[in-house]
Amino acid sequence: MSHRTTRLLIAASGTGGHLFPALAVAQRLTDCEIEWLGVPNRLEQTLIPEHYPLHAIDLEGFQTRLGFGTLRILRRFAASILQVKRLLVERNIQAVFTTGGYIAAPAILAARLQGLPVILHESNALPGKVTRWLAPFCTTVALGFKDAAKYLATSRTVWVGTPVRSSFLEPQTLDLPIPKTAPLIVVVGGSQGAVAVNQLVRQAAADWFDAGAYVVHLTGNCDPNADSLHHPQYFPLSFYENMAGLLQRATLAVSRAGAGTLAELAATQTPALLIPYPFAAEDHQTFNAREFEKLGAALLYPQEELTSQHLSDEVLRLLNAPDLLGEMRDRTAALMVRDSTERLAALLSR
């Protein structure tokens, strides 16, 4: 891309894992006029309009099996490509940046029909189907995990890591009443929460309280039993804005393995016990978690094999092994690209 590229369309939708990296990059591109592509009723509708003009297209994900709804989805997909193509022309867009997911497909195809450059950021260790199908149409595919390149052999790839919000790279304070010397366990289910993990944690937590640990439990908004446990060392929160300060203070995280969350854990060098979401597309969270596990930065436990007693015992084992926790912190360094945002911004500024 040339230095004259000043009008950029960012296609990022759905979850924090897609939106937060895109926002981090957008905030670096101070010389670009940025517009945003999303869909109705997703996180971008509340997160983006205060920052950038938001355009919504009527689109949904592809079903894994052919059925009666397939033709309707394909018609809607074709219409969305034309809708994005009109937007590119009307807004005089000169380049497209996307963080994947199904919204990336019409954005990439419409951009290529217009002859525009496209940068795609793939944050997962196993690239998603849209990335694998459409990477050859992109100018460059930027990778969150270095080993993801082996799935994209016919495309131009570059490892840049996954951007995190700038607050994760600077010390933050924590405004929760937790003693400075107390062990802190932070439970992270991702932007949607994790009901199965929540249940395990509530059943296991009594032993952690007895050991003097505090628990900050991000329950999400979908757990009907989110308020069922009460203890002075337990803080159940549906959402917490200062994730950087929370993870910086954490002794240990119990977490899903979405790429965005893992990037934040790496940025704050937080040791983690990872429980991948078993129903994620193509089990990609397990692939993400294995990258951390093989470097000794985290422990991986499949949800179906984990009982509350096993979870309780493993957390206590880690809390009682400060040397091991220190090694895990040190080993996150190999997974963190501190200038990831700058690297991606540089690709978009060429």
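Not one N or O on the side chain of Glu122 forms a donor-acceptor pair closer than 3.5 Å with the backbone of Thr99. At least one donor-acceptor pair closer than 3.5 Å links the side chain of Glu44 to the backbone N or O of Val39. Without hydrogens or angle criteria, Ser340 side chain to Val337 main chain gives no donor-acceptor distance under 3.5 Å. Using a distance-only test at 3.5 Å, with no hydrogens or angles considered, no donor-acceptor pair links the side chain of His18 to the main chain of Thr15. Glu291 places no side-chain N or O within donor-acceptor distance of the main-chain N or O of Ala125, the cut-off being under 3.5 Å. Counting only distance, with no hydrogens or angles, the side chain of Ser80 and the backbone of Leu59 share no donor-acceptor pair below 3.5 Å. Counting only distance, with no hydrogens or angles, the side chain of Ser312 and the backbone of Ser308 share no donor-acceptor pair below 3.5 Å. When atom types are taken as modelled, the side chain of Ser228 and the backbone of Asn225 share a donor-acceptor pair closer than 3.5 angstrom. The main-chain N or O of Phe209 is found under 3.5 Å from a side-chain atom of Gln233 such that the two form a donor-acceptor pair. Side-chain atoms of Asn124 never come within 3.5 Å of backbone atoms of Pro127 as a donor-acceptor pair (strictly under, hydrogens ignored).
Aromatic ring pairs are classed by plane angle as parallel below 30°, tilted from 30° to 60° and perpendicular above 60°; the pair Tyr214 and Phe235 is parallel.
Residues Val158 and Leu347 meet the side-chain proximity criterion, which asks for heavy atoms closer than 4.5 Å. Contact check for Leu265 versus Ser255: side-chain heavy atoms found under the 4.5 Å cut-off. His310 is listed as a side-chain neighbour of Tyr301, based on a closest heavy-atom distance under 4.5 Å. Contact annotation: the side chain of Arg42 never approaches that of Ile48 to less than 4.5 Å [non-hydrogen atoms, C-beta and beyond]. Contact of the Leu318 side chain with the Met328 side chain is registered, since non-hydrogen atoms from C-beta on lie closer than 4.5 Å. At least one side-chain heavy atom of Leu348 sits under 4.5 Å from a side-chain heavy atom of Leu29. Between Leu344 and His121, the closest side-chain pair of non-hydrogen atoms falls below 4.5 Å. In this structure, the side chains of Pro106 and Phe77 come closer than 4.5 Å at one or more pairs of heavy atoms.
In the hydrophobic clustering of ILVMFWY residues, with side-chain heavy atoms under 4.5 Å counting as a link, Leu218 and Val254 come out apart. Follow the hydrophobic side-chain contacts under 4.5 Å out from Leu23 and you reach Val25 in the same cluster. Hydrophobic cluster membership differs between Leu82 and Val118, with clusters built from Ile, Leu, Val, Met, Phe, Trp and Tyr side chains linked at under 4.5 angstrom. Leu184 and Val197 fall into different hydrophobic clusters, where Ile, Leu, Val, Met, Phe, Trp and Tyr are joined by side-chain heavy atoms under 4.5 Å apart, directly or via other members. In terms of hydrophobic clustering, with Ile, Leu, Val, Met, Phe, Trp and Tyr side chains grouped at heavy-atom distances under 4.5 Å, Leu134 and Val84 are assigned to a common cluster.
Geometrically, Arg132 does not engage Tyr151 in a cation-pi contact defined by less than 6.0 Å to the ring centre and at most 45° from the axis. With a 6.0 Å cutoff to the six-membered ring centre and a 45° limit on the axis angle, Arg290 counts as a cation-pi contact of Phe287.
Nearest approach of Leu116 to Ile93, heavy atoms of both residues: CD1-O, 3.5 Å. When every heavy atom of Trp159 is checked against every heavy atom of Phe145, the shortest pair comes out as CD1-C, 3.7 Å. Nearest heavy-atom pair across Glu314 and Leu299 is OE1-CD1, 4.4 Å. Closest of all the heavy-atom pairs between Thr286 and Pro276 is OG1-CB, 3.5 Å. Smallest separation of non-hydrogen atoms from Tyr277 and Gln285: N-OE1, 2.9 Å. When all heavy atoms of Pro183 and Leu319 are compared, the closest pair comes out as CB-CD2, 4.3 Å.
Remark: Arg28 engages Glu342 in a salt bridge, criterion side-chain N to carboxylate O under 4.0 Å. With respect to Glu264 and Arg165, a salt bridge is recorded, a charged nitrogen being found less than 4.0 Å from a carboxylate O.
Between Arg331 and Gln269, the side chains place no donor N or O within less than 3.5 Å of an acceptor N or O (distance only, hydrogens not considered). Ser167 and Gln172 share no side-chain donor-acceptor pair at under 3.5 Å. For Thr268 and Thr270, the side-chain atoms include at least one donor-acceptor pair closer than 3.5 Å. Checking Tyr240 against Asp175 by side-chain atom types alone, a donor-acceptor pair falls below 3.5 Å. With 3.5 Å as the limit, one finds no donor-acceptor pair spanning the side chains of Asn198 and Thr219. Looking at Arg156 and Thr140, their side chains do bring a donor and an acceptor atom within 3.5 Å of each other. Asn41 and Gln45 share no side-chain donor-acceptor pair at under 3.5 Å.
To the nearest 0.5 Å, atom CZ of residue Arg338 and atom CE of residue Met336 are 5.5 Å apart. Taking CG of Leu152 as the start and OG1 of Thr131 as the end, the distance is 7.0 Å to the nearest 0.5 Å. Expressed to the nearest 0.5 Å, how far CG of Leu113 lies from CD1 of Ile81 amounts to 7.0 Å. Here CZ of Phe20 is found 9.5 Å from OG1 of Thr261. Values are rounded to the nearest 0.5 Å. One finds the CG atom of Leu316 at 8.0 Å from the CH2 atom of Trp208 (value rounded to the nearest 0.5 Å). Going from atom CG of Leu120 over to atom CZ of Phe97 covers 8.0 Å, rounded to the nearest 0.5 Å.
When Leu324, Leu252, Thr251 are each tested for a side-chain contact (heavy atoms from CB on, under 4.5 Å) with Pro271, only one passes: Leu252.
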Residues Glu35, Leu8; criterion side chain to side chain contact (heavy atoms under 4.5 Å, CB included); working and verdict:
CA-CA 6 Å; Glu35 307 211 10; Leu8 176 69; over 6 Å; no
Walk me through whether Leu274 and Leu262 qualify under side chain to side chain contact (heavy atoms under 4.5 Å, CB included).
CA-CA 9 Å; Leu274 300 176; Leu262 293 183; 3.7 Å; yes
Check the pair Gln199 / Val195 against side chain to side chain contact (heavy atoms under 4.5 Å, CB included), numbers first and verdict last.
CA-CA 6 Å; Gln199 292 172 343; Val195 173; 3.9 Å; yes
Under the criterion side chain to side chain contact (heavy atoms under 4.5 Å, CB included), I'd like the reasoning laid out for Arg256 against Val188: C-alpha separation, chi angles, the key distance, then a yes or no.
CA-CA 6 Å; Arg256 287 300 198 200; Val188 187; over 6 Å; no
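Every residue two or more places apart in sequence or in another chain that forms a side-chain contact (heavy atoms from CB on, under 4.5 Å) with Glu33 is listed here: Arg7. Residues passing the ring pair (Phe, Tyr, Trp, His ring centres under 6.0 Å) test with Tyr234, sequence neighbours excluded: His217.
No more than 12 heavy-atom neighbours from other residues, nucleotides or ligands sit within 6.0 angstrom of CD on Glu170.
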